[in-house]
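For reference, the structure discussed in these notes is given below.
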Amino acid sequence: MTTDRLSLTFAALADPTRRAILARLARGKASVTELAKPFPMSGPAVAKHLKVLERAGLIVRGREAQWRPSELEARPLKDAADWLEGYRQFWEASFDRLESYLSELQMKESKNGRRKKR
């Protein structure tokens with residue numbers, strides 16, 4: 001079983017239901033019942049998703065009297081975004097090089113086209 005934080009974060013984010021739960025929690029705290037409403041699944045099934053999110057450190061579950069709200073903990077998302085940032089920079093640099101190459105090819109073609117017309 002994976003224990004490093006980044007692997008736990010990406011494993012938790014792999015499921016669309018868990019991503020939807022995080023999106024809901026970005027608007028504020030919610031109980032299991034509230035989180036389960038939009039999904040065609042039982043409360044216990046949603047609770048299992050919450051356990052995965054909690055183990056990944058993406059949510060914190062509290063206790064307020066009879067209410068046990070879940071709350072978004074966004075720090076692991078920032079860590080994942082920081083990790084992905086290096087790859088974004090790699091792709092931007094690759095696209096910049098491709099754009100330069102294509103511009104160079106277009107200039108060569110237009111010069112060759114002008115020469116053929118003479």
Side-chain angles (χ1 to χ4, degrees):
M1 176 178 257
T2 301
T3 56
D4 75 277
R5 180 66 62 195
L6 194 56
S7 295
L8 289 172
T9 299
F10 282 115
L13 294 175
D15 186 278
T17 299
R18 292 193 285 266
R19 291 192 303 270
I21 288 171
L22 291 177
R24 166 56 188 89
L25 291 174
R27 296 191 318 250
K29 295 178 183 179
S31 67
V32 173
T33 304
E34 292 168 326
L35 292 170
K37 279 184 185 174
F39 303 107
M41 62 178 69
S42 66
V46 171
K48 286 182 181 179
H49 284 296
L50 293 177
K51 284 182 182 177
V52 173
L53 293 169
E54 188 175 25
R55 189 175 62 230
L58 291 164
I59 66 167
V60 176
R61 297 175 83 184
R63 182 173 293 276
E64 296 174 12
Q66 300 297 319
W67 196 50
R68 190 154 187 232
S70 295
E71 185 175 3
L72 177 65
E73 176 58 49
R75 180 65 199 180
L77 294 174
K78 170 82 170 81
D79 294 341
D82 289 347
W83 184 81
L84 289 169
E85 176 62 20
Y87 293 98
R88 187 188 64 78
Q89 291 174 0
F90 167 81
W91 284 111
E92 282 185 5
S94 297
F95 287 131
D96 288 347
R97 285 192 306 272
L98 178 62
E99 185 177 346
S100 294
Y101 177 71
L102 292 174
S103 292
E104 187 178 316
L105 284 178
Q106 285 177 333
M107 286 181 61
K108 285 180 182 177
E109 283 181 10
S110 67
K111 283 181 183 177
N112 288 340
R114 284 188 215 143
R115 287 182 189 156
K116 287 180 183 175
K117 290 180 181 177
R118 291 182 190 175

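- Note that CD of Glu109 is 7.5 Å distant from CD of Gln106, once rounded to the nearest 0.5 Å.
- Lys29 and Pro69 get closest at one heavy-atom pair: CB-CB, 4.0 Å.
- Other residues, nucleotides and ligands place no more than 12 heavy atoms under 6.0 Å from the CD atom of Glu99.
- At least one side-chain heavy atom of Lys78 sits under 4.5 Å from a side-chain heavy atom of Arg75.
- Cluster membership check: Ile59 shares its hydrophobic cluster with Val32, using side-chain heavy-atom separations under 4.5 Å among Ile, Leu, Val, Met, Phe, Trp and Tyr.
- Once rounded to the nearest 0.5 Å, the distance linking NE2 of His49 with CD1 of Ile21 reads 6.0 Å.
- Evaluation of the salt bridge (charged side-chain N to carboxylate O under 4.0 Å, His left out) test over residues 12-21, restricted to residues two or more places apart or in two chains, returns none.
- Between the CG atom in Leu58 and the CG atom in Leu72 there is a gap of 7.5 Å [rounded to 0.5 Å].
- Interatomic distance, Glu64 CD to Ser31 OG, rounded to the nearest 0.5 Å: 11.0 Å.
- Both Phe95 and Phe90 are assigned to one and the same hydrophobic cluster, defined by single-linkage of ILVMFWY side chains at heavy-atom distances under 4.5 Å.
- To the nearest 0.5 angstrom, Asp4 atom CG is 10.5 Å from Phe10 atom CZ.
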From CA spacing to verdict: side chain to side chain contact (heavy atoms under 4.5 Å, CB included), Leu35, Leu25: CA-CA 8 Å; Leu35 292 170; Leu25 291 174; 3.9 Å; yes

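- Screening Leu22, Leu8, Thr9 for a side chain to side chain contact (heavy atoms under 4.5 Å, CB included) involving Leu53 leaves a single residue, Leu22.
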Stepwise side chain to side chain contact (heavy atoms under 4.5 Å, CB included) test for Lys111 and Lys108: CA-CA 5 Å; Lys111 283 181 183 177; Lys108 285 180 182 177; 5.8 Å; no

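- Remark: the Arg97 side chain and the Ser94 side chain contain an N/O donor-acceptor pair separated by less than 3.5 Å.
- Within a 6.0 Å radius of CZ in Arg88, more than 12 heavy atoms belonging to other residues, nucleotides or ligands are found.
- In this structure, Gly62 and Arg68 approach most closely via the heavy-atom pair O-CG, 2.8 Å.
- Leu6 and Tyr87 fall within a single hydrophobic cluster, where Ile, Leu, Val, Met, Phe, Trp and Tyr side chains are chained together by heavy-atom contacts under 4.5 Å.
- Pairing each heavy atom of Pro76 with each of Glu73, the nearest pair is CD-O, 3.3 Å.
- Considering NZ of Lys37 and CZ of Arg24, their distance stands at 9.5 Å, rounded to 0.5 Å.
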